[in-house]
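Atoms within each ligand, like the ligands themselves, are counted from 1 in listed order.
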Amino acid sequence: MAKGYYISKNMATAAMVLGAIALLTIIALSIVYNREKSKNAAKLMNVTTSMLAPTPTSNELWDKYRLPDTLAPQHYNVTLWPHLVMDANGMYVFTGNSSVMFTCLKKTDLILIHSNKLNLTLFNGRHAKLMGLDGVTAPAIKTTWFQTETHYLVIKLNGNLKPGKSYWLYTEFRGELADDLEGFYRSEYMEDGRKKIIAITQMQATYARKAFPCFDEPAMKAVFHITLIHDPETIALSNGQEIKKENLNIDGITVTRTTFEPTKKMSTYLVAFVVSDFTYINTKDKKGVLVRIWARKKAIEEGQGNYALSITQPILEFFEKYYNTSYPLSKSDQIALPDFKSGAMENWGLVTYRETALLYDAHMSANGNKQRIVTVVSHELAHMWFGNLVTLKWWNDLWLNEGFASYVEYLGADHAEPTWNIVRFKDQIILYDLQRAFAVDSLTTSHPLSRKEEEVNTPSEISEMFNTISYSKGAAVLRMLSEFLTEHVFAKGLSNYLKHFAFGSSVYSDLWDHLQKAADQTSGVKLPRTVHDIMNRWILQMGLPVVTIDTRNGNVSQKHFLLDSQAVVERKSEFKSNILYASQAIHEPMKVSKGEWVLANLHASGYFRVNYDLENWERLLSQLESNHQIIPVVNRAQLLDDAFNVARASIINITLALRTTKYLLHEREYIPWQAALRNLNYFFQLFDRSEVYGAMQAYVKKQVKPLFKHFGTLTSNWTMVPSGHTDQFTQIIALSLACGTGVEGCRDLTKSWFRRWMQNPHTNTIHPNLRSTVYCIAIAEGGAEEWDFGWKMLQNATVAAEAVKLRSALACTQVPWLLNRYLEYTLYPEKIRKQDATSTIGYIASNVIGQPLAWDFVRANWDYIFKLKRFQKDNAETGFGSGTQALQQAIEKTTAKIKWLAENKEPVLRWFISESS
Ligand SMILES: *[C@@H]1O[C@H](CO)[C@@H](O)[C@H](O)[C@H]1NC(C)=O
Ligand SMILES: *[C@@H]1O[C@H](CO)[C@@H](O)[C@H](O)[C@H]1NC(C)=O
Ligand SMILES: *[C@@H]1O[C@H](CO)[C@@H](O)[C@H](O)[C@H]1NC(C)=O
Ligand SMILES: *[C@@H]1O[C@H](CO)[C@@H](O)[C@H](O)[C@H]1NC(C)=O
Ligand SMILES: *[C@@H]1O[C@H](CO)[C@@H](O)[C@H](O)[C@H]1NC(C)=O
Ligand SMILES: *[C@@H]1O[C@H](CO)[C@@H](O)[C@H](O)[C@H]1NC(C)=O
Ligand SMILES: *[C@@H]1O[C@H](CO)[C@@H](O)[C@H](O)[C@H]1NC(C)=O
Ligand SMILES: [Zn+2]
């Protein structure tokens with residue numbers, strides 16, 4: 001799955017970046033608040049504790065969450081019929097039947113198969129039929145029942161199944177086609193004023209069992225023969241290519257039956273079906289693989305799928321080469337869905353996306369939208385091999401699957417967009433994975449990447465694995481591994497691993513074995529220790545080290561880096577010699593003579609922060625100010641981020657960290673500016689109500705002025721966008737910071753653009769890259785007239801990317817009643833779609849004026865908001881689904897902040913005052 005929370009990627013306006021964080025804090029506070037309200041206490045405790053692992057109630061096999069090792073599925077024949085009209089009870093349902101052929105591995109008189117929320121037809125009082133194959137007589141079924149907690153259909157037999165023999169188990173069932181974004185579900189959207197309904201799936205991690213009874217564990221791979229029955233006006237898609245389409249009459253209704261080619265041997269969580277009236281564009285690659293992009297008719301007609309189609313082939317070619325393995329399937333479908341849970345889902349052969357992650361509109365989408373599309377597509381296609389062809393045996397190793405895809409997505413995207421300045425485009429991993437992981441991994445509430453298999457059992461424990469640590473820390477340590485092994489050795493080991501485990505499953509150490517072999521076979525690569533030994537230090541313990549280099553005597557030391565230096569750590573992490581493996585630079589003697597400086601962790605390839613003795617910091621600072629370009633771009637960003645965070649941990653003085661921003665007067669590159677923006681935003685957030693705010697504004701205004709001027713010149717007085725890919729992102733930062741801090745001419749400029757649009761609503765001349773920023777500033781500076789115009793345009797928006805920009809910009813207003821009215825709108829799905837309600841509240845909460853209003857609103861409407869499926873999903877992705885984990889993180893961050901603030905407010909104020917004059 002792609003990271004849902006990456007939605008804010010590249011949206012440089014403060015509102016967007018902060019939205020998620022602010023909401024989380026509000027939620028955390030609301031939960032605490034609600035718990036204390038005696039009336040709701042019990043209920044809320046149930047909500048949060050039910051997310052934790054229920055203890056198994058007995059020793060019976062059906063009370064255990066893991067399937068026994070007695071049976072192995074081989075084939076499924078699944079027929080499903082989603083009914084896209086409401087039935088007599090006001091419900092949408094699907095009906096179906098399924099046969100699973102399995103082989104008995106060990107003698108048993110018990111069949112356990114996952115089935116959740118399905119109503120099964122009874123045959124002679126039993127929920128299933130059992131037949132033996134090849135002349136074997138199956139024992140009679142004694143009794144059947146549902147074990148709802150563990151999601152099993154339990155089938156007890158009168159006699160034993162025989163090892164080595166195969167059987168068919170047949171079921172017929174009926175399930176609700178709910179709009180719950182899980183399993184087989186329905187999604188609704190409006191087209192030409194008409195409501196349309198489509199049926200789609202999201203099986204990962206444990207929802208296939210909601211669509212048909214199955215052995216729903218990733219290692220239980222099988223071949224799926226899928227048939228879909230649907231309205232002749234619609235098309236049906238699944239993992240395999242359509243091979244037969246025929247019309248037939250069932251109970252007086254004419255329907256189409258679409259049969260698909262059998263899948264390869266694969267996991268249940270990768271199964272997918274779609275029934276819709278979508279259309280597509282297609283192409284065939286050199287080897288005859290059919291590539292199709294599917295979406296709403298209108299979106300395809302408008303050419304919104306063209307960009308995705310144009311990059312898919314280069315990305316597939318890249319991965320074929322990188323993995324040295326052909327694309328394993330005969331076709332590749334990718335479909336954009338109007339209502340989808342995460343960013344995207346890597347179903348084998350039928351990848352599902354949110355519209356914003358696949359559809360690109362040349363007139364409406366920003367450069368950032370484009371980058372998101374190419375990286376998400378690359379991420380999902382990377383999974384077609386790593387994850388789908390070879391699957392991690394169990395969810396405890398999810399970090400390897402997701403961390404890997406999150407790393408190589410940059411490589412595939414880079415190949416598809418060669419003009420985007422190779423080095424700097426890939427380097428964005430620093431911002432979006434490395435530093436993101438550092439932020440979470442510096443808390444005492446972090447956890448190790450790797451979990452033991454037996455620690456992850458229940459669906460909620462499984463969904464907890466989808467978090468920042470798995471994705472971003474996973475990506476960062478794999479990048480480190482690839483760099484110290486060299487990319488050549490890494491790719492060689494990887495390709496051998498894929499060949500060895502194709503159509504099967506593995507555990508993370510299997511990859512280490514193959515990388516080790518590849519290293520051993522390559523002359524010139526000499527590891528100080530085994531891959532296992534090196535990597536264990538990064539994956540078995542949580543956290544990261546801060547390495548301190550004392551250039552006066554050459555001493556290098558390290559310790560566990562924690563944002564709250566006084567926090568008590570229950571899970572101690574030891575950092576000893578691991579830096580030796582992570583950075584070539586640190587092999588060198590660290591003692592320097594006068595005038596020289598030391599810079600460690602070149603290109604930030606190592607997973608650690610660096611601190612220096614004061615003299616070296618001073619020398620680095622003066623290097624930055626005299627000629628910053630001597631220091632690589634990535635390291636400029638990392639110096640900033642390290643300094644601010646080491647200061648937040650009270651290891652160095654905050655004024656030292658603030659001084660790393662002084663050279664920004666000369667900085668024109670995106671990555672350092674974005675790193676600075678994040679750290680400054682933290683300050684803006686911290687001080688937004690205090691006297692520090694004014695002085696800080698004045699300072700930032702001074703720092704951003706030259707950047708604003710630079711882009712004015714580069715773009716002929718803001719009449720065009722710069723040609724460089726990341727320059728386009730920097731331009732957004734220049735505009736938003738300049739207008740945000742009141743650089744002369746900026747607000748007038750953006751207001752005039754917005755005015756022009758208001759006067760001529762049918763022609764929006766504002767460049768899509770700048771729209772988020774321009775809308776936000778114009779609405780913040782304006783009143784009801786601007787707001788209402790923005791709202792009207794939101795109703796009219798037909799492109800998802802444009803709608804998101806407007807929806808977040810409406811939260812920028814400074815007028816309390818407008819904010820309150822906007823909050824109210826989130827309670828009405830016809831105004832704000834359910835899936836957008838919580839993010840809208842989040843945008844409002846990140847506005848200083850909106851924050852207290854959002855806080856009151858969330859408390860008053862707690863019941864409604866908590867019931868929103870979207871709310872639970874969104875927060876599951878950020879780790880909140882685990883209930884306690886993200887909550888603890890939010891509380892820990894808040895506590896650390898308050899303490900830090902008390903100690904540092906005075907010097908910070910004085911510094912800003914002295915530097916802004
Ligand atoms: C909370 O859960 C307990 C045990 O499952 C149940 O008895 C109780 O009624 C629940 N409380 C509420 C308010 O739902
Ligand atoms: C399952 O489908 C395959 C291929 O269509 C067919 O050969 C087989 O007989 C079917 N088995 C059952 C039990 O329906
Ligand atoms: C499964 O359902 C379909 C559609 O109702 C039907 O055509 C098919 O015969 C059923 N399969 C079996 C094995 O009964
Ligand atoms: C399944 O059965 C239950 C209990 O009879 C009923 O409430 C529910 O609506 C049924 N679901 C479907 C999809 O028919
Ligand atoms: C940090 O430096 C400032 C200015 O140099 C000084 O006033 C302040 O006391 C220092 N803070 C700490 C905690 O040492
Ligand atoms: C840039 O544009 C603004 C308004 O669009 C105008 O007032 C200003 O004179 C222009 N500056 C230059 C140098 O052309
Ligand atoms: C908004 O949508 C309505 C109805 O489709 C249309 O009449 C109107 O022209 C649209 N307005 C703009 C500014 O696009
Ligand atoms: Zn993924």
First-shell residues of ligand 5 [heavy atom, distance under 4.0 Å]: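 Residues within 4.0 Å of ligand 5: Asn653, Thr655, Arg910.
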Per-residue contact class, Ile229 against ligand 3 - non-hydrogen pairs under 4.0 Å: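 Ile229 to ligand 3: side-chain contact only, backbone stays beyond 4.0 Å.
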With His83 via side chain to side chain donor-acceptor pair (under 3.5 Å) - residues at least two apart: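 His83 satisfies side chain to side chain donor-acceptor pair (under 3.5 Å) with Thr95 once adjacent residues are dropped.
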Non-neighbouring partners of Thr741 that pass side chain to side chain donor-acceptor pair (under 3.5 Å), sequence neighbours left out: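 So Thr741 forms no side chain to side chain donor-acceptor pair (under 3.5 Å) with any residue.
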Note: Lys117-Asp180 ion pair, threshold 4.0 Å (strictly below):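 Salt bridge: no.
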Centroid-centroid under 6.0 Å between Phe561 and Phe438 rings: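 When the ring centroids of Phe561 and Phe438 are compared, they turn out to be at least 6.0 Å apart.
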Test of ring centre spacing under 6.0 Å for Tyr152 and His114: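 Centroid separation for Tyr152 and His114: below 6.0 Å.
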N or O contact, Tyr170 vs ligand 3, cut-off under 3.5 Å: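 Yes; at least one N/O pair falls below 3.5 Å.
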Polar atom proximity, Asn97 to ligand 3 (N or O, under 3.5 Å):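 It does: an N or O of Asn97 is found under 3.5 Å from an N or O of ligand 3.
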Nitrogen or oxygen atoms of Asn77 and ligand 2 under 3.5 Å apart: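 The answer is yes, given that Asn77 and ligand 2 share an N or O pair closer than 3.5 Å.
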Contact list for residues 125-134, test side chain to side chain donor-acceptor pair (under 3.5 Å), sequence neighbours left out: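 Passing the test, one end in residues 125-134: His127-Thr144.
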Distance under 6.0 Å and angle within 45° of ring axis: Arg636 vs Tyr663: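 No.
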For His225, the ligand 2 atoms whose distance to one of its heavy atoms is below 4.0 Å: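 The list of qualifying atoms is 4 (C).
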His666 and His628 aromatic ring geometry - parallel, tilted or perpendicular at 30°/60° bounds: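 Judged by the thresholds at 30° and 60°, the geometry between His628 and His666 is parallel.
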